[in-house]
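Single-structure report; data block below.
Here the structure is a predicted model, which means the values were calculated and not measured. Letters go in sequence order (proteins before strands), and every chain restarts at 1.
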Number of protein chains: 2
Amino acid sequence: MEQVYIDTAKMLKAMSDPKRLRIVDMLSCGELCACEILEEFHITQPTLSHDMRVLVEAGIVTDRREGKNIYYKLDKESLNQMHKTLGRVFKDKPDCICHSRKNG
Amino acid sequence: MEQVYIDTAKMLKAMSDPKRLRIVDMLSCGELCACEILEEFHITQPTLSHDMRVLVEAGIVTDRREGKNIYYKLDKESLNQMHKTLGRVFKDKPDCICHSRKNG
DNA sequence: CAGACATATAGAAAAATGTCAATATGTTCT
DNA sequence: AGAACATATTGACATTTTTCTATATGTCTG
């Protein structure tokens, strides 16, 4: 399996939960700390911590500590690249398997 | 949780498996029947059948029968809309929570 | 340094997912 | 109708994911 499918699928999986997708949306205009995000959901603090780790490990979000707080923000470059990749996946391509099938 | 997060997350989840993402890629330039897709993977026929159902139920793929075969193709309209939605999720927005936070 | 606060980790239980073998269904051809 | 073929469904099992409680770690303040 080509690496691009694996990498892209990992990012999609991280966002394939409504709650985490909403977190990405919340972060779209800037940084938020964990406690600010937590306020918006009916989940416990460890659950959020786990969700944020999933987003960080997928390369969707970066984190930094400032005092007692951890601030999260989107890795926009990574997200934009994934978005482009996804667009290419949908689009017709000259090297698609269905062409080779017609030729073969 | 807003419906748009639920619907989008469902589509992302369906594509959050490298194999299914590759199937979407394979379908990007046209229809393929189940047996043609199956040839490309080391999985059993019931496994593929299950994967295709996931894609159909997420609204990513449509299916039609032609004789003994089931042909699958992408629901491009649905995919394009999801792609746009995803783009909006990433982008800064005036109604983002972080703005209301600054005001409040 | 002790207490308060923010976040992370560990461990456990429930739910969802991925995959298979076996079998059923639907279709075509003879 | 019966055989052959393509796909779907069922039932089972292993793995992964989700979420919690309890506890640990890191940071600031007095």
Side-chain angles (χ1 to χ4, degrees), chain A residues 1 5-24 26-27 30-73 97-98 101, chain B residues 1 5-24 26-27 30-73 97-98 101:
Chain A
M1 187 72 61
Y5 296 123
I6 295 170
D7 296 341
T8 306
K10 184 170 186 177
M11 294 183 77
L12 295 179
K13 174 170 265 179
M15 292 189 297
S16 74
D17 175 69
K19 164 170 39 92
R20 287 197 297 260
L21 189 57
R22 189 171 161 216
I23 291 171
V24 171
M26 287 168 65
L27 292 173
E31 282 187 325
L32 290 173
C33 77
C35 62
E36 290 170 318
I37 299 169
L38 185 59
E39 281 177 356
E40 298 293 313
F41 297 94
H42 297 300
I43 56 175
T44 63
Q45 176 269 318
T47 297
L48 178 67
S49 180
H50 168 257
D51 281 325
M52 297 315 296
R53 202 155 56 82
V54 169
L55 289 172
V56 168
E57 281 179 4
I60 290 169
V61 158
T62 60
D63 56 352
R64 71 179 175 87
R65 179 178 283 274
E66 183 178 312
K68 288 179 294 189
N69 301 295
I70 307 285
Y71 282 86
Y72 297 99
K73 72 172 174 185
I97 186 177
C98 73
R101 187 171 61 89
Chain B
M1 189 70 63
Y5 296 124
I6 295 171
D7 295 341
T8 306
K10 183 168 187 177
M11 293 184 77
L12 295 178
K13 174 168 268 179
M15 292 190 296
S16 74
D17 176 69
K19 165 171 37 94
R20 286 197 297 260
L21 188 57
R22 190 172 161 217
I23 290 171
V24 171
M26 288 168 63
L27 292 173
E31 283 187 326
L32 291 173
C33 76
C35 62
E36 289 169 319
I37 299 170
L38 186 58
E39 281 177 357
E40 297 293 313
F41 297 94
H42 297 300
I43 57 174
T44 63
Q45 176 268 319
T47 298
L48 179 67
S49 179
H50 170 256
D51 280 326
M52 296 315 297
R53 202 155 55 83
V54 170
L55 290 171
V56 168
E57 281 179 3
I60 290 169
V61 159
T62 59
D63 56 351
R64 72 177 175 87
R65 179 178 282 275
E66 184 177 313
K68 287 179 293 188
N69 300 295
I70 307 285
Y71 282 85
Y72 297 98
K73 71 173 175 185
I97 186 178
C98 73
R101 187 173 60 89

[X] side chain vs [Y] backbone, donor-acceptor pair below 3.5 Å:
X        : Y        : result
Arg53(A) : Leu55(A) : no
Glu40(A) : Ile37(A) : no
Arg22(B) : Val24(B) : no
Ser49(B) : Pro46(B) : no

side-chain contact (heavy atoms from CB on, under 4.5 Å) partner of Lys73(B), chosen from Asp63(B), Thr62(B), Leu32(B), Val61(B):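 Of the listed residues Asp63(B), Thr62(B), Leu32(B), Val61(B), the side-chain contact (heavy atoms from CB on, under 4.5 Å) partner of Lys73(B) is Thr62(B).
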Could you tell me how far apart [X] ([atom1]) and [N] ([atom2]) are, to the nearest whole angstrom?
X        : N       : atom1 : atom2 : value
Arg20(B) : dG18(C) : CZ    : C1'   : 9 Å
Leu48(B) : dA21(C) : CG    : P     : 15 Å
Leu38(B) : dC5(D)  : CG    : P     : 16 Å
Glu31(B) : dA6(D)  : CD    : P     : 17 Å
Ile43(A) : dT17(D) : CD1   : P     : 17 Å
Glu66(B) : dT28(C) : CD    : P     : 10 Å
His42(B) : dC20(C) : NE2   : P     : 11 Å
Arg64(A) : dT7(C)  : CZ    : C1'   : 15 Å

Going by number, which of residues 49-63 of chain A have a non-hydrogen atom under 4.0 Å from DNA chain D?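 Those residues are His50(A).
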From C-beta outward on [X], which listed nucleotide comes closest to its side chain: [options]?
X        : options                   : value
Thr47(A) : dT7(C), dT7(D), dC20(D)   : dC20(D)
Asp17(B) : dG26(D), dG18(C), dA22(C) : dG18(C)
Lys68(A) : dT7(D), dA6(C), dT18(D)   : dA6(C)
Tyr72(A) : dT7(C), dC20(D), dC20(C)  : dT7(C)

By nearest heavy atom, map Ile70(B) and Thr44(A) onto DNA chain D; which one lands nearer the 5' end? Ile70(B)
State whether the distance check finds a donor on one side and an acceptor on the other, under 3.5 Å, for side chain Gln45(A) versus base dA8(C).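 Donor-acceptor pair under 3.5 Å: yes.
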Walking DNA chain C from its 5' end, the first of Lys13(A) and Arg65(A) to be reached, judged by nearest nucleotide, is Arg65(A)
Residues in side chain to side chain contact (heavy atoms under 4.5 Å, CB included) contact with Val54(A), at least two apart in sequence or another chain: Ala14(A), Arg20(A), His50(A)
Mind checking what makes side chain to side chain contact (heavy atoms under 4.5 Å, CB included) contact with Leu38(B), not counting sequence neighbours? Ile43(B), Gln45(B), Leu48(B)
Taking only the side-chain nitrogens and oxygens of Asn69(A), find out if one of them lies under 4.0 Å from OP1 or OP2 of dT27(D). no
Would you say dT18(D) has OP1 or OP2 under 4.0 Å from some side-chain N or O of Lys19(A)? no
